Amino acid sequence: MTARIFLNGRWLDAGEARVPVMDRGFLFGDGVYEVIPVYSRQAFRLEQHLARLQKSLDGIQLDNPYRLDEWIAFVTQLAREAEWEDQSIYIQVTRGPMAVRNHAFPQVVTPTVVLLAEPMTPPPASQRGQGIAAVSAADIRWLRCDLKTTSLLANCLLRQVAVAAGCVETVLFRDGFLTEGSASSIFVVKDGVLLAPIKNHLMLPGITYDVVLELAAQHGLPHEVRDVTEAETRAADELWMCSSTKEVLPIVTLDGRRVGCDGAPGPVFARMYDWYQEFKATVMRAAA
Ligand code: PDD
């Protein structure tokens, strides 16, 4: 079966979908996106992802081209028809094409809307069992990291720092404080307390981040949402990264130094991992 792509209201075979060179998404990175995990053809936290899409659109002053029920219908159709049971559904909305290259918004905006599905494979068991290596870098991004925009060059450069060092993720610090990862949210565990940076303009309000904090509250795991310093991060007992596609993963080395005393995934991670899987299964059963 050929993968289907939604482009501006039409379902096309992947090879047929074309976007004009003058699209502002291509020339300026002028657009927003979402990545929605789908388990057994059920979109996980769909309404939260679509609410964040709305916030990102508002943040770049672009009218939402579709109503909520229309978005839900598109995602549901794609999840049902794509060839994989578990998928990550990608949505992108750009400010569309312009007649001549001009930074100012066009008078009449015709947004470009793309939806596509990709197979979603969980991180290898070795990453969960043995943990992953991360490096750190200064957070060189702009001051609206709360918007999920397609202008991702800084994130790509920062992720490449990890790749060049043979690591999985780059943990970002700004002015001595933890912000997030190049494409993930980061949590610290210290003395049995889960620490999460405050959602503000310096980080993406992660959907998985919310799930992790909800599970902590539900299971009575002590947690604090507050500024987390770089020193606290480096002295963590446990360090986790999380995102829609990776769920929650333990970071066991940061810049080549072991996290905690033994550099192995910690006991709090093991509990959170189980809670997360249990929660996913319950939600998916209820939706089926
Ligand atoms: N990225 N922070 C950044 C900068 C991210 O890019 C992501 C996810 C997250 C985690 O957000 P969520 O839990 O809502 O997936 C945090 C996605 C997966 C991506 O760009 O592919």
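FYI, the numbering just counts along the sequence from 1. As the structure is a computational prediction, the values presented were derived from the model and not from experiment. Start at 1 and go down the list; that is how both ligands and their atoms are numbered.
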>> Taking the cut-offs as 6.0 angstrom to the six-membered ring centre and 45 degrees off its axis, would you call Lys280 and Tyr39 a cation-pi pair?
In response: yes
> If you count only heavy atoms, which residues are under 4.0 Å from ligand 1?
Replying inline: Tyr33, Val35, Arg52, Arg141, Lys148, Asn155, Glu180, Gly181, Ser182, Ala183, Ser184, Ser185, Leu204, Gly206, Ile207, Thr208, Cys242, Ser243, Ser244, Thr245
>> Could you tell me if Arg144 and Thr149 have a donor-acceptor pair between their side chains, going purely by distance under 3.5 Å?
In response: no
> Are Ser182 and Glu169 linked by a side-chain donor-acceptor pair shorter than 3.5 Å?
Replying inline: yes
>> If we ignore hydrogens and angles and just use 3.5 Å, is the side chain of Arg128 paired with the main-chain N or O of Val248 as donor and acceptor?
In response: no
> Just wondering, more than 12 heavy atoms not from Arg258 lying within 6.0 Å of its CZ?
Replying inline: no
> With respect to Arg141, which candidate in Leu172, Leu157, Leu152 satisfies the side-chain contact (heavy atoms from CB on, under 4.5 Å) definition?
Replying inline: Leu172
